[in-house]
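Structure, as structure tokens:
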2 protein chains.
Amino acid sequence: MAPRKIRNMEEFAAVSGISRPTVSKYFNDPDSVRRSTRERIEQALERFDYRPNIFAMNQNRKLTKNVGIVVPYLADPFFAEIARNIEAKCIEAGFRPTLYSAYGDPAQEAEILDSLRALKPAGVLLAPLGRDSDRSFIEKFCKDIPTILFDSNLEGMGAAFVGSDNASFIEQTVDYLCRSGEPPAFFEMRHPANPNANKRRIAYLKKMESLGKEPRVIKVDGRGWGFEEIGRQGAFRLLEEPRLPSRTILCSNDRLAIGFLSACYEKGLRVGLGEDCDLRVASHDDHPFSKFTCPSLTTAAHDYNAVSNRTVETLIELVESGGQLKARTETLFPARLILRSSA
Amino acid sequence: MAPRKIRNMEEFAAVSGISRPTVSKYFNDPDSVRRSTRERIEQALERFDYRPNIFAMNQNRKLTKNVGIVVPYLADPFFAEIARNIEAKCIEAGFRPTLYSAYGDPAQEAEILDSLRALKPAGVLLAPLGRDSDRSFIEKFCKDIPTILFDSNLEGMGAAFVGSDNASFIEQTVDYLCRSGEPPAFFEMRHPANPNANKRRIAYLKKMESLGKEPRVIKVDGRGWGFEEIGRQGAFRLLEEPRLPSRTILCSNDRLAIGFLSACYEKGLRVGLGEDCDLRVASHDDHPFSKFTCPSLTTAAHDYNAVSNRTVETLIELVESGGQLKARTETLFPARLILRSSA
DNA sequence: CACTGTTTTTTACGCGCGTAAAATTTTAGT
DNA sequence: ACTAAAATTTTACGCGCGTAAAAAACAGTG
């Protein structure tokens, strides 16, 4: 017998000896049909390879299984890594995630959300651009589509926020640096796009104060998402000055630090915590490459796994409660200090 | 007057005073309707914000504007970067690209292609996993769906292949290294997943022979996509041996080189081309971070722009010719040598 | 003006499935 | 064996749009 091509659910229902609406119910949720029915469908599924037409499925469904994951810049390994985690967990939970990147452009971010709207997603996991985002646009979007913010928070928007506790990052790095040597100066971009950067600066100032040390903030110019180059140029300018504010530099994030280290190397400066070293450099994020910098970077790590787990768990809650949570929650995971050679 | 919500094309056609089929034609291709008609539609489009329902659109359309972009590992900045380029160019050309990553897993690659099939894409741009790919599966897919391979070739599959000329990479780096010092040993993974790696080894052997130099291939163990770590561990083992095959190391790709450099740094070896240096290290790909390694990496750069342009151009040809090209073409772009400090 | 070829509109149908309501069967419980 | 509850099937409709075919409007000729 030649198992002819199954063209639609009608035909598949026929060959499996079940009515089409029940088959439809099965594909919507396999556990919503009787066990014996389910087995019969799955047997038929092995003999004939049939998949429901996605477009027809979603056309009339109130709620799809689509999930949009939106990040600000996918070519940044940090976001690539967290997107990878979240994507895997969405699939595990039975969703159909699709990945989008705004590539630093607010117009593209808005365009993504607009086309996402058309996909009737069960939920959207959004790591917004931050300062550059069109806030009122995003606010409107969050009201229409169940959205969870992650990584960077926009006050009050979305059903929940899941991210890392910036204060915890700073407290651990500053604490360690102060215990082990000279108090750090804080190295950051003058106009950071990401709100986390501001939280980190504030946390730095507060922590230094609580330790009774004088804070020093170094602001470097530069725009866009080429953080390494910005850190590098900023380091060159800083290192040309007659006196450094401190011989211990705490970068706002690892990508700046990567650039900073490359400038130090080029200048012939030794970075590390030995007596013979000229500088100590530490940072935050535990960027996938921070293990391979020269020297390897002392940093504070995100709990990637916890953030992505919690984000997807919250998504599931949100979907199951019909797109509305009782209250907007903000979950912040603490950092883990990673001691390497640079400080 | 309160412009009430437009629910569907029917209503939009009514308020714009045009028949629905004509409106449908407009959305399919704005130039397919009379100029005056087009203007009337576009005026109405400004007064009422209406977007056709994607699911309903694609359900009956023979050919959608969807394009799938599939890469083997999106958290690898090289693929993130090329995906970014290709995505932008697809949008420019009027397609709706969606990005997928197999994350090194052949099962996931197959799953992506399967779900892509359901999206009736106008075309698929596929950078396959390579050695790990389920070849017969991909072959079947290419027969059903217009597919263009990029970055890494699978003999005879797809309508065309666009990538970089591995021989050109090797010839330039080997040539330069031989002119400027000791001939290089070639450093690679024992079981590279990517077919480009094999082409590079073969090109290395050939080029060395043509220069009358003795080739030396160093193979390091390790699996998966953590190339930096593999390069690093391989370097440690290599550097422990009493004698190196050469004091000039040519890595198969930049990510291995990044790991190699980090091992050198940790061992206290100076890498560069000065008299006082212990080693020279060069590589291939011009990875986004290769500018920031210590020392900065001498490498051969892909012509990202040419590859992504040509890929999308070929896609357009393919779509316009109805999913079939006269002959399968293979386009290879030469490398550009980037001289930095490591060699 | 009639004549011809091209757009546009009208009309009509179908895509593949979700889903609601009513009729029927199965299951669980006593 | 009987009954209420749960699951399934039947029936029927509609989603929003693509698209083919026929009719009508239009533009360009002589």
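By convention in this document, chain letters (A, B, ...) are assigned in the order of the sequence lines, proteins followed by strands, and residues within each chain are numbered from 1.
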Checklist entry - Which residues pass the salt bridge (charged side-chain N to carboxylate O under 4.0 Å, His left out) test with A:Asp132, sequence neighbours left out? => result none

Checklist entry - Between B:Ser24 and D:dG18, is there a side-chain N or O to OP1/OP2 distance below 4.0 Å? => result yes

Checklist entry - On a plain distance test, is the side chain of A:Arg20 in donor-acceptor contact with the base of C:dG16 below 3.5 Å? => result no

Next on the checklist: Could you check whether the side chain of A:Asn60 and the base of C:dC17 have a donor-acceptor pair of N or O atoms closer than 3.5 Å, going by distance alone?
Outcome noted: yes

Checklist entry - Nearest-Å distance, CE (A:Met9) to C1' (C:dT19)? => result 12 Å

Item to check | For atom CD1 of B:Ile41 and atom C1' of C:dT7, their distance in whole Å | outcome: 13 Å

Checklist entry - According to a strict under-4.0 Å criterion, is A:Tyr26 in side-chain N/O contact with OP1 or OP2 of C:dG18? => result no

Next on the checklist: Does any part of the side chain of A:Leu315, heavy atoms only, come nearer than 4.5 Å to the side chain of A:Phe95, both counted from C-beta?
Outcome noted: yes

Item to check | Nearest-angstrom distance from the residue atom CZ of A:Arg40 to P of D:dA7 | outcome: 17 Å

Checklist entry - Quick one: do the B:Arg40 and B:Ser36 side chains pair a donor with an acceptor below 3.5 Å? => result no

Checklist entry - Heavy atoms under 4.0 Å, any strand shown: does B:Phe12 hit a base, just sugar-phosphate, or nothing? => result nothing

Checklist entry - Given atom CD of A:Glu10 and atom P of D:dA12, what is their separation to the nearest angstrom? => result 14 Å

Checklist entry - Can you check the B:Gln59 CD to C:dG16 P distance for me, whole Å? => result 7 Å

Detail all sub-3.5 Å separations between protein N/O atoms and N/O atoms belonging to nucleotides 21-25 of chain D.
none

Checklist entry - With a 4.0 Å cut-off on heavy atoms, is A:Phe27 in touch with a base, just the backbone sugar-phosphate, or nothing at all? => result nothing

Item to check | Sugar-phosphate, base or nothing in reach of A:Asn28, heavy atoms under 4.0 Å | outcome: sugar-phosphate

Checklist entry - Quick one: A:Glu39 CD to D:dT8 P, roughly how many Å, whole number? => result 12 Å

Next on the checklist: Check this for me: B:Asp49, atom CG, are more than 12 non-hydrogen atoms of other residues, nucleotides or ligands nearer than 6.0 Å?
Outcome noted: no

Next on the checklist: What is the separation between atom CG on A:Asp29 and atom P on D:dA7, rounded to the nearest whole Å?
Outcome noted: 12 Å

Item to check | Residue pair A:Ser308 / A:Thr311, side-chain donor-acceptor N/O under 3.5 Å | outcome: no

Checklist entry - Counting any heavy atom closer than 4.0 Å, what does B:Ser36 reach on the DNA or RNA strands: base, sugar-phosphate only, or nothing? => result nothing

Item to check | Euclidean distance, atom CG of residue A:Asn58 to atom C1' of D:dC17 [Å, nearest integer] | outcome: 15 Å

Next on the checklist: Counting C-beta onward and ignoring hydrogens, is there a side-chain heavy-atom pair between A:Leu149 and A:Arg328 closer than 4.5 Å?
Outcome noted: yes

Checklist entry - Closer to the 5' end of DNA chain C via nearest nucleotide, is it A:Val23 or B:Thr37? => result B:Thr37

Checklist entry - Just to confirm, is there a sub-4.0 Å distance from OP1 or OP2 of C:dT9 to any side-chain nitrogen or oxygen of B:Thr22? => result yes

Checklist entry - With respect to the side chain of B:Asn8, which nucleotide from C:dT27, C:dC17, D:dC17 is positioned closest? => result D:dC17

Next on the checklist: For B:Tyr50 and A:Ser19, find the nucleotide of DNA chain D closest to each by heavy atoms; which residue's nucleotide sits nearer the 5' end?
Outcome noted: A:Ser19

Item to check | Distance-only side-chain donor-acceptor flag, B:Asn305 / B:Lys89, under 3.5 Å | outcome: yes

Item to check | Distance-only side-chain donor-acceptor flag, A:Glu87 / B:Tyr103, under 3.5 Å | outcome: yes

